[in-house]
Each structure stands twice: as structure tokens, then as C-alpha cells.
Amino acid sequence: MNHSLPVPDVLRSALAGLLDGLPPSATAGAVDRLISHYRGVVPTHAPVLRDRSDVAAYAAYRMPATFEAVRSALDAFRDATGTWTPATHTDIGGGTGSASWAVAEAWQDAPTPVATTVLDWAEPALAIGRELAEASGIPGLRTARWQRARIGSAIALDDADLVTVSYVLNELTPEDRRALVDAVAAAATGAVVIVEPGTPDGYARIIEARDRLIAAGLHIAAPCPHSAACPIEPGTDWCHFSARVSRSSLHRQVKGGSLAYEDEKFSYLAATRFPPEPAPARVIRRPQIRKGQVLLELCTAQEQLRRETVSKRHGTLYRAARDAEWGDSWPPHPAEPAS
């Protein structure tokens, strides 16, 4: 496969090859079961992906969206960490490797590809993840290691510069969840990135992990502008973001949709062993564009939530506000303060 193509295009092509020849009825049935699991809240004690058909359905149903969510989180993380580059990466509960694809893209220009190890307890997922990675032509994916491991309190982790945990905590019991986060904190020599569904429950799991990582001595790099307590009052709202996912005709067929895109809602956390440079503020809602002004809902470095109104009189800052997106840092560059 031509790895000079954008990574999302390479992923879509690899997924098309994966589903080629599979019976549509079997794929659709597996998708229905996976949707029910994904929307559920009861932790599972058995692998969700049972066989190749399940894994193929999962990859087509979830992999593009999960990739875009992790990709967005890594973009914010890199904004806060500058030129820092991981040499090693552990993808916990990585399944078919969505997070590993995002990591490979984020540091694709590094002199040496990031050495990735994917851990999951579903052997069919690991097998297809390896197959997709080899087909990608992307050096950092083709050299990845795929290892079976039970994800939970008994997991043994080798040290790694970067540890990612994406869409995994919701599948664990509270005890296993806390033990895993503690193990991740101990194993991560550089940074941790955790991504969960953008639901109130997903946000609650992120906040629990955030508290444990801070207690273990890590610093919050994103999305929060600080490492103090979250200013959102529990039960009143939740912090989440959105990633636009381009959908191929194959993707639309599997998911039963007609639009050329979908929006993946996610919550995330990035933390570092070293002092990061977090955003001065983060746009935590979709900007409201009014006549002659833009309203921004911000989480600020002053450990509070604030609405900021940017009007035409602010010149270049107003133009930047009109281009600002949900999840962006604010301001995008040193500028005059808005009121």
C-alpha cells in the first residue's frame, strides 16, 4: 500500500480490503451486537470480539471514529509538549490498533519510527490489527508488536515513553479500572493519553483517572489548562469534544447511514512526567457566531469556566475567533485580550 497517502486514507483502504468477501448479513449482525455493547454500561469479563467476523465488523464500525478521536487528543497533546517525541509506545487494550495508527501519524516525521506494542486479550483483534498494520506500508505500524494480555488489575507493563488507553476503561470493573490507571502511571516514563466516549459516564472515568495520575506525580497537558480540580460541578455538565469522521461508501453501508461524515464525541486526558505548556484556555463548546461577535465558552488557566465575547473591534483576534473550533486552545497566538 502507498504509505505516502494521508494516514486516514490508508486506513480506509485497509479496512475495505479487510471486509472484502465477508457476507454482509454476518457483518451487519455483528455490528448490531457491538452497538448494543458500546452503548451499554455493564463491564464485561470476556472478550467482546469473538472471531474474525466480529473483529471485521468492529474495525469497520469503530476504527475510523476511534482513530479520529485519538488523533484529536494527540494534536492537543503535541501542542502542549512541543518537540517531545516518544521512542516507545504501549497501546493498552488496543484491539485492532486505532490508537497506534494515530501515534504513527502524529510522529511520522520522526527520524526513527515509534516502537509500538499493542496489548489486548482478544486474539482475533490482535491478528487483524497485525494484518491491517502490515498492509498499511507505514513503518511504525509494520514493526509494531501485538501481544495478548488480560487488561485489568493483574496486567504487567514494561516501561514506555508513551502509554495510550483508548475506549478501554468503560469495559472494566471499578477496581480493575483504578488498578490499570495506577499501573499506567507507573509504567509511563514520559506521557499518558486516555480517551473515552464523550458521555457523562465517560467523562466521570476520565476525571477519576485524572485524579489518580496527578496523585502519581504527573502534570496535565491537555485538554485542561491546569492540573487543579476540574471547575465543572459534578452532575451539572461534562467535558467532551467532537471529531469529524469522513465516511467511505463502505463505512456508510456497514453503519446504515447516508451522510458523508459523522461526529465522534469523546472525552480525553493527556498527562506528562515533565512540565508541559498547556493551553492558556480551552474552547469547551462549539463557538457561537453572532453578527459582529463570537461567543467562546472557555476553561481557563485560572481554574474557572468563563464566557468570552470577541467582537470586530478586536481585529485579528476576532478573525481568529471566527475560525476557532470546539476543542481548540485559546488564544491561538499572543494577542490583545478580549472582553
Side-chain angles (χ1 to χ4, degrees), residues 38-41 43 62 65-77 79-81 90-94 98-99 102 151-152 162-185 187-188 191-243 263-273 276 278-279 281-285 297-300 303 305 326-329:
Y38 178 70
R39 291 175 178 169
V41 296
R62 287 299 304 160
T66 303
F67 166 79
E68 291 293 350
V70 179
R71 184 192 201 190
S72 294
L74 289 176
D75 283 347
F77 167 75
D79 284 345
T81 55
T90 300
D91 184 1
I92 295 179
S98 300
I151 310 302
L162 172 65
V163 180
T164 56
V165 188
S166 63
Y167 294 83
V168 172
L169 299 183
N170 62 318
E171 297 184 357
L172 303 177
T173 64
E175 294 78 12
D176 280 351
R177 189 162 61 235
R178 290 190 287 268
L180 177 63
V181 172
D182 291 346
V184 166
V192 176
V193 175
I194 302 176
V195 182
E196 282 286 294
T199 63
D201 286 339
Y203 164 70
R205 291 187 290 270
I206 288 291
I207 286 299
E208 180 185 52
R210 183 182 189 274
D211 291 343
R212 301 188 81 85
L213 292 177
I214 291 171
L218 279 78
H219 311 275
I220 304 303
C224 319
H226 57 80
S227 295
C230 177
I232 296 176
E233 183 179 347
T236 64
D237 203 352
W238 70 99
C239 183
H240 65 292
F241 303 92
S242 180
D263 291 320
E264 171 72 4
K265 303 299 195 307
F266 65 98
S267 295
Y268 77 97
L269 173 68
T272 58
R273 282 284 172 199
R282 181 78 56 188
V283 180
I284 59 171
R285 291 290 180 271
E297 301 291 342
L298 303 173
C299 180
T300 71
E303 305 168 22
L305 304 178
W326 184 8
D328 284 353
S329 60

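Values below: every heavy atom of this structure, side chains too, minus hydrogens, waters and symmetry copies.
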Working to the nearest 0.5 Å, report the span between [atom1] of [X] and [atom2] of [Y].
X: Leu213; Y: Asp182; atom1: CG; atom2: CG; answer: 8.5 Å
X: Thr199; Y: Arg205; atom1: OG1; atom2: CZ; answer: 5.5 Å
X: Leu218; Y: Ser227; atom1: CG; atom2: OG; answer: 9.0 Å
X: Asp201; Y: Asn170; atom1: CG; atom2: CG; answer: 9.5 Å
X: Cys230; Y: Ile207; atom1: SG; atom2: CD1; answer: 4.0 Å
X: Asp328; Y: Asp79; atom1: CG; atom2: CG; answer: 9.0 Å

message: Assess the residue pair Leu169 and Val181 against the criterion (side chain to side chain contact (heavy atoms under 4.5 Å, CB included)); give the C-alpha distance rounded to whole Å, side-chain angles, the decisive distance to 0.1 Å, and a yes or no.
response: CA-CA 9 Å; Leu169 299 183; Val181 172; 4.3 Å; yes

Taking the side chain as C-beta and beyond, is there a heavy-atom pair between [X] and [Y] under 4.5 Å?
X: Leu74; Y: Val193; value: yes
X: Cys224; Y: Arg210; value: yes
X: Glu264; Y: Ser242; value: no

So, for [X] and [Y], which heavy atoms are closest and what is the spacing to 0.1 Å?
X: Ile220; Y: Pro276; value: O-CG, 3.6 Å
X: Ala243; Y: Ser72; value: CB-OG, 3.7 Å
X: Pro231; Y: Cys299; value: CG-SG, 4.0 Å
X: Pro223; Y: Arg282; value: O-NE, 2.9 Å
X: Pro278; Y: Ala80; value: CA-CB, 4.1 Å

- request: List in chain and number order the residues that pass side-chain contact (heavy atoms from CB on, under 4.5 Å) with Asp237, two or more places apart in sequence or in another chain; answer none if no residue qualifies.
  value: Ile232, Arg285

- line: Across all chains, not counting sequence neighbours, the side-chain contact (heavy atoms from CB on, under 4.5 Å) partners of Ala191 are Phe77, Trp84, Leu162, Thr272

Examine distances only and state if a side-chain atom of [X] and a backbone atom of [Y] form a donor-acceptor pair shorter than 3.5 Å.
X: Glu196; Y: Val168; answer: yes
X: Arg273; Y: Ala188; answer: yes
X: Arg177; Y: Glu171; answer: no

- prompt: For Thr300, what residues pass the side chain to side chain donor-acceptor pair (under 3.5 Å) criterion, not counting sequence neighbours?
  reply: Gln302

field: Partner residues of Phe67 under the ring-ring contact (aromatic ring centres under 6.0 Å, His included) criterion, sequence neighbours left out
entry: none

- request: Kindly write out the residues that satisfy ring-ring contact (aromatic ring centres under 6.0 Å, His included) with Tyr268, not counting sequence neighbours, or none if the list is empty.
  value: Phe241, Phe266

message: Please evaluate residues Glu68 and Arg71 with respect to the criterion salt bridge (charged side-chain N to carboxylate O under 4.0 Å, His left out), reporting the C-alpha separation (whole Å), side-chain torsions for both, the decisive distance (0.1 Å), and the verdict.
response: CA-CA 5 Å; Glu68 291 293 350; Arg71 184 192 201 190; 3.1 Å; yes

query: Checking side chain to side chain contact (heavy atoms under 4.5 Å, CB included) for the pair Val283/Leu298: CA distance, chi angles, key distance, verdict?
result: CA-CA 5 Å; Val283 180; Leu298 303 173; 3.8 Å; yes

message: Going by ring pair (Phe, Tyr, Trp, His ring centres under 6.0 Å), name the pairs with one or both residues in residues 217-240, residues two or more places apart or in two chains.
response: Trp238-His240, His240-Trp326

